[in-house]
Participant: 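Okay, here's the structure, questions in a sec.
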Amino acid sequence: MKRILLFLMVFSLAFSGQVIGQLEYDNTCTTAFDDISGTGVDLNLSDDGEANITIPFAFSLDGVSSTNLRVGNNGGILFNATTGDVSTSSTPTGQGFYPFADDIDSDYGTVVWQTLGSSPNRRVVVMWNDRPHYSNSPSGATFEVILYETTNEIVFLYQDTDFGAGNSANDAASAGIRVVGANGAYVYSVDAALGGVTCIHWAVPTCPPPTALTATAITATSADLGWTTGGASNWEIVVQNAGSGAPAGAGTGTSSNP
């Protein structure tokens, strides 16, 4: 049940809330790295190159379902696309998954993909294996994206982000880490080092918050309230004085909107 907090002050109502996206991340996950370097299909990507793949299940992101992915050498995957470029920008805007959006080279290493597991619990893994930073860094990075069937969860895993001593791109310090959906960008970091983080898990929250709160037909003692559900079907409404902070007890339950 999602709580809606209303602040009552004289004859007016004001709403207080935080609007967040449909995806939230957790960087304390401990998902095991799927090393598919020897079993995955090599996409034979060149510098700044892309390749299309069709995954065996429809993945859903921000309400859009697709089996089409366009994998780019520059540390990203375009979602629901068969054309377009994954640029070297650390702030990509194309819908997709960006575990390491940066200028990745192709002098050595591989970019491979593979489906693991059995339906309805399969997962698609795209792995950048020992890929150098531009221009041909002495050491390569290894990281991957995992997309899960049914749950539509996303995991970014980092096995090695060292491009060589003194390289400014080490530890994703010049990379963007984000997911971009139809509703906008869900950003983990931009040009900031991972600092020891090896796993980032993205998922739709189990109780999405209501948004676009409205109050109409306001009188001294009543108002018609409405909101965008966020996916929930039951809420609690609390009326209290402005400045009272978060309510300590339960509110009045409702399944009506407005």
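Only heavy atoms go into these numbers, but all of them, side chains included; no hydrogens, no water, no symmetry mates.
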Participant: Examine the side chains of Ser89 and Thr91 and answer whether a donor and an acceptor come within less than 3.5 Å of each other.
Facilitator: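 Ser89 vs Thr91: donor-acceptor pair found between side chains.
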
Participant: At what distance, to the nearest 0.5 angstrom, does CD1 of Ile104 lie from CZ of Phe100?
Facilitator: 5.5 Å

Participant: When you compare the side chain of Asp160 with that of Phe143, does any pair of heavy atoms fall below 4.5 Å?
Facilitator: no

Participant: Set out, in order, the CA-CA distance, both residues' side-chain angles and the distance that settles side-chain hydrogen bond (donor to acceptor under 3.5 Å, both in side chains) for Tyr134 and Asp47, then state yes or no.
Facilitator: CA-CA 9 Å; Tyr134 187 83; Asp47 184 28; 5.7 Å; no

Participant: His133 and Asp103: side-chain donor and acceptor closer than 3.5 Å?
Facilitator: no

Participant: Within the structure provided, determine whether Gln22 and Asn183 are in side-chain contact (heavy-atom separation under 4.5 Å).
Facilitator: yes

Participant: With no hydrogens and no angle check, just 3.5 Å: does a side-chain donor-acceptor pair link Asp35 and Ser37?
Facilitator: yes

Participant: Which atom pair, heavy atoms only, marks the closest approach of Tyr158 to Cys199?
Facilitator: CD1-N, 4.5 Å

Participant: May I ask whether Ile200 and Tyr98 are part of the same hydrophobic cluster, defined by side-chain heavy atoms of I, L, V, M, F, W, Y residues being less than 4.5 angstrom apart, directly or through others?
Facilitator: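 They do not share one cluster, since no chain of ILVMFWY contacts under 4.5 Å joins Ile200 to Tyr98.
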
Participant: Is it the case that one hydrophobic cluster holds both Leu45 and Ile53, taking links as side-chain heavy atoms less than 4.5 Å apart, direct or via other members?
Facilitator: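 Yes: a chain of side-chain contacts under 4.5 Å links Leu45 to Ile53.
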
Participant: Does Val180 reach the side chain of Arg178, with side-chain heavy atoms less than 4.5 Å apart?
Facilitator: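 The answer is yes, as the side chains (C-beta and beyond) meet within the 4.5 Å cut-off.
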
Participant: Looking at CD of Gln159 and CD of Glu144, how far apart are the two atoms once the value is rounded to the nearest 0.5 Å?
Facilitator: 8.0 Å

Participant: Between Thr252 and Val238, does a side-chain contact (heavy atoms from CB on, under 4.5 Å) hold up when you go through it step by step?
Facilitator: CA-CA 7 Å; Thr252 301; Val238 178; over 6 Å; no

Participant: Could you measure the distance from the OG atom of Ser135 to the CG atom of Asp107? Nearest 0.5 Å is fine.
Facilitator: 6.5 Å

Participant: Give the minimum heavy-atom separation between Val86 and Asn74, together with the two atoms involved.
Facilitator: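 In terms of heavy atoms, the two residues are closest at O-ND2, 3.1 Å.
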
Participant: So how far is it from Arg70 CZ to Leu43 CG, rounded to the nearest 0.5 Å?
Facilitator: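 Output value for this atom pair is 11.0 Å.
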
Participant: Decide side-chain contact (heavy atoms from CB on, under 4.5 Å) for Thr254 and Ile237; before the verdict, give the C-alpha distance in whole Å, the side-chain angles of both, and the deciding distance to 0.1 Å.
Facilitator: CA-CA 8 Å; Thr254 182; Ile237 297 178; 3.9 Å; yes

Participant: Minimum heavy-atom separation for Ser168 to Ala173, with atom names?
Facilitator: O-CB, 3.5 Å

Participant: Taking Tyr25 as the fixed residue, which of Tyr186, Phe156, Trp202 is the one that meets the ring pair (Phe, Tyr, Trp, His ring centres under 6.0 Å) rule?
Facilitator: Trp202

Participant: Walk me through it: do Trp227 and Thr214 pass the test side-chain contact (heavy atoms from CB on, under 4.5 Å)?
Facilitator: CA-CA 6 Å; Trp227 54 88; Thr214 62; over 6 Å; no

Participant: Can you tell me how far apart OG1 (Thr110) and CD1 (Ile36) are? Round to the nearest 0.5 Å.
Facilitator: 8.5 Å

Participant: Treating Ile, Leu, Val, Met, Phe, Trp and Tyr as nodes and any side-chain heavy-atom pair under 4.5 angstrom as an edge, say whether Val125 and Val111 lie in one connected cluster.
Facilitator: no

Participant: Taking atom types as modelled, is there a side-chain donor on Asp130 or Tyr108 under 3.5 Å from an acceptor on the other?
Facilitator: no

Participant: Does any N or O in the side chain of Asn129 come within less than 3.5 Å of the main-chain N or O of Gly109, such that one atom is a donor and the other an acceptor?
Facilitator: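 No; judged by distance alone, with no hydrogens or angles, the pair does not exist.
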
Participant: Counting distance only, does the side-chain N/O of Asp171 pair as donor-acceptor with the main-chain N or O of Gly195 below 3.5 Å?
Facilitator: yes

Participant: Under a 4.5 Å cut-off applied to non-hydrogen side-chain atoms, are Thr88 and Asp48 in contact?
Facilitator: yes

Participant: For a quick test of reading the model, state the closest non-hydrogen atom pair linking Pro56 to Val124 and the distance between them.
Facilitator: CD-CG2, 4.0 Å

Participant: Side chains of Val71 and Glu50: closer than 4.5 Å at any heavy-atom pair?
Facilitator: no

Participant: Less than 4.5 Å apart, any side-chain heavy atom of Pro120 and any of Thr150?
Facilitator: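 Yes; the side chains approach each other to less than 4.5 Å.
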
Participant: Identify whether Ile146 and Leu78 are in the same connected component of the hydrophobic contact network (ILVMFWY, side-chain heavy atoms under 4.5 Å).
Facilitator: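 Cluster IDs for Ile146 and Leu78 differ.
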
Participant: Any donor-acceptor pair under 3.5 Å linking the side chain of Ser139 with the backbone of Asp162?
Facilitator: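 Side chain of Ser139 to backbone of Asp162: a pair is present.
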
Participant: If you look at every heavy atom in Arg131 and Phe163, which pair is closest and at what distance?
Facilitator: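 So the minimum-distance heavy-atom pair works out to O-CE2, 3.3 Å.
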
Participant: Just do the side-chain hydrogen bond (donor to acceptor under 3.5 Å, both in side chains) check on Asp191 and Ser90 with the steps written out, would you?
Facilitator: CA-CA 7 Å; Asp191 301 329; Ser90 60; 3.2 Å; yes

Participant: Is any side-chain heavy atom of Leu61 closer than 4.5 Å to one of Val179?
Facilitator: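 In short, these two side chains touch, coming nearer than 4.5 Å.
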
Participant: Going by atom types only, do Ser174 and Asp102 share a side-chain donor-acceptor pair under 3.5 Å?
Facilitator: yes

Participant: Report the distance from atom CD of Gln95 to atom CG of Asp62, rounding to the nearest 0.5 Å.
Facilitator: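 The CD atom of Gln95 sits 7.5 Å away from the CG atom of Asp62.
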
Participant: So Val64 and Phe79, do their side chains get closer than 4.5 Å, heavy atoms only?
Facilitator: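 The answer is yes; the side chains approach within 4.5 Å.
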
Participant: Quick test of your reading: applying ring-ring contact (aromatic ring centres under 6.0 Å, His included), list the pairs with at least one residue in residues 31-76, sequence neighbours left out, ordered by first then second residue.
Facilitator: Phe59-Phe97

Participant: Verify the cluster assignment for Ile77 and Val190: are they in a single hydrophobic cluster under the rule of side-chain heavy atoms below 4.5 Å apart?
Facilitator: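 No; Val190 is not reachable from Ile77 via cluster members.
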
Participant: Provide the closest heavy-atom pair for Ala172 versus Ile177 in the form atom of the first, atom of the second, distance.
Facilitator: CB-CD1, 4.3 Å

Participant: When you look at Ser66 and Asn80, which way does the side-chain hydrogen bond (donor to acceptor under 3.5 Å, both in side chains) test go after all the steps?
Facilitator: CA-CA 5 Å; Ser66 181; Asn80 191 30; 3.0 Å; yes

Participant: When you look at Val126 and Leu147, which way does the side-chain contact (heavy atoms from CB on, under 4.5 Å) test go after all the steps?
Facilitator: CA-CA 9 Å; Val126 179; Leu147 305 179; over 6 Å; no

